[in-house]
Amino acid sequence: MGALAREAAMSRTAFATHFAAVLGVSPIGYLFRWRMALARQALATPDEPIAAMARRLGYGSASAFSTAFSRSCGDAPANYRRTMLLKEAGPVGIAASAAPPGIEERGTGTPPG
């Protein structure tokens with residue numbers, strides 16, 4: 001090991017202490033938050049199965065991912081995905097501006113025709 005490498009070496013404890021002092025969170029806490037942000041983003045689309053997402057995010061199983069996600073977000077990944085997709089779809093039914101012909105628009109006070 002060269003002189004420069006020896007001077008630049010830092011123990012894991014010193015790194016963790018410095019990291020926490022600068023960012024206000026431990027390295028593992030930062031990694032956890034980052035993984036959960038990626039998970040929330042991925043769960044907003046129906047494309048990727050949760051088990052594949054768990055592996056991609058570094059979890060050994062869908063169960064381990066589900067436990068971590070539930071602890072972080074307060075809801076299971078499948079429920080979170082369902083909620084996000086329903087919010088994106090919007091309300092079910094006919095929009096007020098798309099009332100069928102012959103039906104009075106709300107707030108106009110006068111019937112059509």
Side-chain angles (χ1 to χ4, degrees):
M1 191 183 286
L4 182 60
R6 269 185 259 127
E7 289 176 25
M10 181 185 280
S11 71
R12 283 187 286 183
T13 302
F15 171 75
T17 302
H18 181 71
F19 191 97
V22 171
L23 295 179
V25 64
S26 69
I28 197 72
Y30 181 87
L31 176 62
F32 179 75
R33 289 179 185 180
W34 182 58
R35 282 178 168 175
M36 291 302 107
L38 292 175
R40 286 190 304 275
Q41 184 179 21
L43 287 168
T45 66
D47 301 336
E48 187 175 18
I50 291 174
M53 182 187 315
R55 285 188 303 275
R56 182 174 57 83
L57 293 172
Y59 288 91
S61 68
S63 176
F65 168 69
S66 181
T67 299
F69 188 85
S70 296
R71 183 180 43 176
S72 172
C73 298
D75 206 356
N79 291 340
Y80 183 89
R81 174 177 271 170
R82 192 175 310 111
T83 301
M84 293 306 296
L85 294 175
L86 286 173
K87 282 182 183 177
E88 192 174 288
V92 178
I94 300 173
S97 62
I103 302 296
E104 179 181 316
E105 290 285 332
R106 288 187 175 195
T108 61
T110 57

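All residue numbers refer to positions in the sequence shown, counting from 1.
- Here the closest non-hydrogen pair linking Ala54 and Ser61 is CB-O, 3.8 Å.
- Annotation: side-chain contact (heavy atoms from CB on, under 4.5 Å) contacts of Leu23 (sequence neighbours excluded): Phe19, Val25, Tyr30.
- A distance of 8.5 Å separates CG of Leu57 from CH2 of Trp34, quoted to the nearest 0.5 Å.
- In this structure, CZ in Phe69 is found 6.5 Å from CZ in Arg40, a value given to the nearest 0.5 Å.
- In terms of heavy atoms, Ala76 sits closest to Ser70 at CA-OG, 3.5 Å.
- Scanning all heavy atoms of the two residues, the minimum distance from Phe65 to Pro77 falls at CE2-CG, 3.7 Å.
- Once rounded to the nearest 0.5 Å, the distance linking NE2 of His18 with CE of Met10 reads 6.0 Å.
- The CG atom of Leu31 sits 9.0 Å away from the CE atom of Met36 when rounded to the nearest 0.5 Å.
- In terms of heavy atoms, Ala44 sits closest to Leu85 at O-CD2, 3.4 Å.
- Side-chain contact between Gln41 and Leu38: present, with at least one pair of heavy atoms (C-beta onward) separated by less than 4.5 Å.
- Note that the CZ atom of Arg81 and the CD atom of Glu48 stand 7.5 Å from one another [nearest 0.5 Å].
- With sequence neighbours excluded, the residues satisfying side-chain hydrogen bond (donor to acceptor under 3.5 Å, both in side chains) with Asn79 are Asp75, Arg82.
- Note: Met53 CE to Leu43 CG = 4.0 Å, rounded to the nearest 0.5 Å.
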